[in-house]
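Report on one structure; see the data block that follows.
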Amino acid sequence: MDLTKRVGINIRSIRKSQNLTIDELAEKCDFQSPYLSDVERGERNITLQTLTKILDALQVEPGSVLIPESNLREGQGDNREELLKILFNTLEDKDENDIRMLLNISNEIFGRFK
């Protein structure tokens with residue numbers, strides 16, 4: 001996945017984890033909602049100034065939107081929140097059946113090891 005797409009997915013994930021609508025984040029950044037929507041879908045190649053405005057509005061560090069997908073495979077997740085974000089991003093493009101299947105598998109695994 002290219003960096004523009006990864007950054008957009010991570011911005012969306014952080015925004016949702018903070019229970020912000022796209023309109024609320026756009027207002028905090030002084031952007032239009034359609035523009036921010038394009039950013040989240042990875043359809044805009046944004047400047048560092050734009051990224052800084054978004055990071056400031058979300059009150060997060062740059063690394064939180066730049067985490068490569070490979071970090072999970074390499075075991076480099078630093079904390080629970082980062083790992084949950086990586087997991088969410090991994091599932092975001094999956095269909096409902098795949099997500100339900102993973103949920104069932106997780107319940108089986110955790111149910112057996114209580």
Side-chain angles (χ1 to χ4, degrees):
M1 180 178 301
D2 74 2
L3 184 59
T4 304
K5 186 92 170 153
R6 170 66 38 209
V7 167
I9 288 170
N10 287 341
I11 289 170
R12 181 185 310 125
S13 175
I14 294 166
R15 174 180 60 78
K16 287 182 176 183
S17 75
Q18 295 181 6
N19 295 317
L20 289 172
T21 66
I22 199 153
D23 292 328
E24 290 168 334
L25 180 57
E27 186 175 319
K28 284 183 164 197
C29 298
D30 198 28
F31 297 144
Q32 297 293 318
S33 298
Y35 174 79
L36 193 54
S37 180
D38 287 349
V39 169
E40 288 187 354
R41 287 193 313 274
E43 295 176 0
R44 294 274 183 161
N45 190 9
I46 61 175
T47 66
L48 290 176
Q49 289 174 323
T50 298
L51 180 58
T52 299
K53 282 184 175 183
I54 294 169
L55 295 173
D56 288 346
L58 292 171
Q59 298 179 333
V60 296
E61 296 297 318
S64 63
V65 297
L66 300 172
I67 299 167
E69 190 175 16
S70 62
N71 279 3
L72 182 60
R73 288 189 297 272
E74 296 169 9
Q76 295 176 355
D78 289 341
N79 57 49
R80 183 176 189 274
E81 290 79 21
E82 182 179 318
L83 292 171
L84 287 170
K85 183 173 53 166
I86 293 168
L87 178 61
F88 179 80
N89 288 338
T90 302
L91 295 174
E92 193 154 71
D93 65 342
K94 304 298 185 239
D95 66 26
E96 184 177 341
N97 290 331
D98 288 342
I99 295 170
R100 286 184 188 280
M101 179 181 64
L102 181 61
L103 182 59
N104 290 335
I105 291 169
S106 298
N107 286 334
E108 282 290 318
I109 290 170
F110 294 123
R112 289 180 190 220
F113 295 105
K114 283 185 177 180

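The minimum heavy-atom distance between Val60 and Gln18, with the atom names listed, is CG1-NE2, 4.0 Å. Scanning all heavy atoms of the two residues, the minimum distance from Arg12 to Glu40 falls at NH2-O, 3.0 Å. The shortest non-hydrogen separation linking Gln32 to Ala26 is C-CB, 4.0 Å.
Under the side-chain hydrogen bond (donor to acceptor under 3.5 Å, both in side chains) criterion, Ser17 pairs with no residue, sequence neighbours left out. Judged as a salt bridge (Lys or Arg N to Asp or Glu O under 4.0 Å), and not counting sequence neighbours, Asp23 has no contacts.
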For Leu25 and Ile22: C-alpha separation, side-chain torsions, deciding distance, then whether side chain to side chain contact (heavy atoms under 4.5 Å, CB included) applies. CA-CA 5 Å; Leu25 180 57; Ile22 199 153; 5.7 Å; no
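In this structure, CE on Met101 lies 9.0 Å from CG on Asp95, to the nearest 0.5 angstrom. To the nearest 0.5 angstrom, Leu36 atom CG is 12.0 Å from Asp30 atom CG. For the atom pair CG of Asp56 and NZ of Lys28, the computed distance is 11.0 Å after rounding to the nearest 0.5 Å. A distance of 4.5 Å separates CG of Asn45 from OG1 of Thr4, quoted to the nearest 0.5 Å. In this structure, the separation between CG on Leu48 and CG on Leu55 is 10.0 Å, given to the nearest 0.5 Å. Rounding to the nearest 0.5 Å places CG of Leu20 at 7.5 Å from CZ of Arg15.
With Arg44 contributing its side chain and Asp38 its backbone, the two residues share no donor-acceptor pair below 3.5 Å. In terms of modelled atom types and a separation under 3.5 Å, the side chain of Ser106 and the main chain of Leu102 share a donor-acceptor contact.
For the pair Leu51 and Pro62, the minimum side-chain heavy-atom distance is 4.5 Å or more. Between Val39 and Phe31, the closest side-chain pair of non-hydrogen atoms is not below 4.5 Å. A 4.5 Å side-chain heavy-atom check between Ser64 and Asn10 finds every atom pair outside the cut-off.
Evaluated for a side-chain contact (heavy atoms from CB on, under 4.5 Å) with Ile11, the options Val7, Ile14, Ile9 yield exactly one hit, Val7.
The environment of Arg100 atom CZ is sparse: at most 12 non-hydrogen atoms of other residues, nucleotides or ligands sit within 6.0 angstrom.
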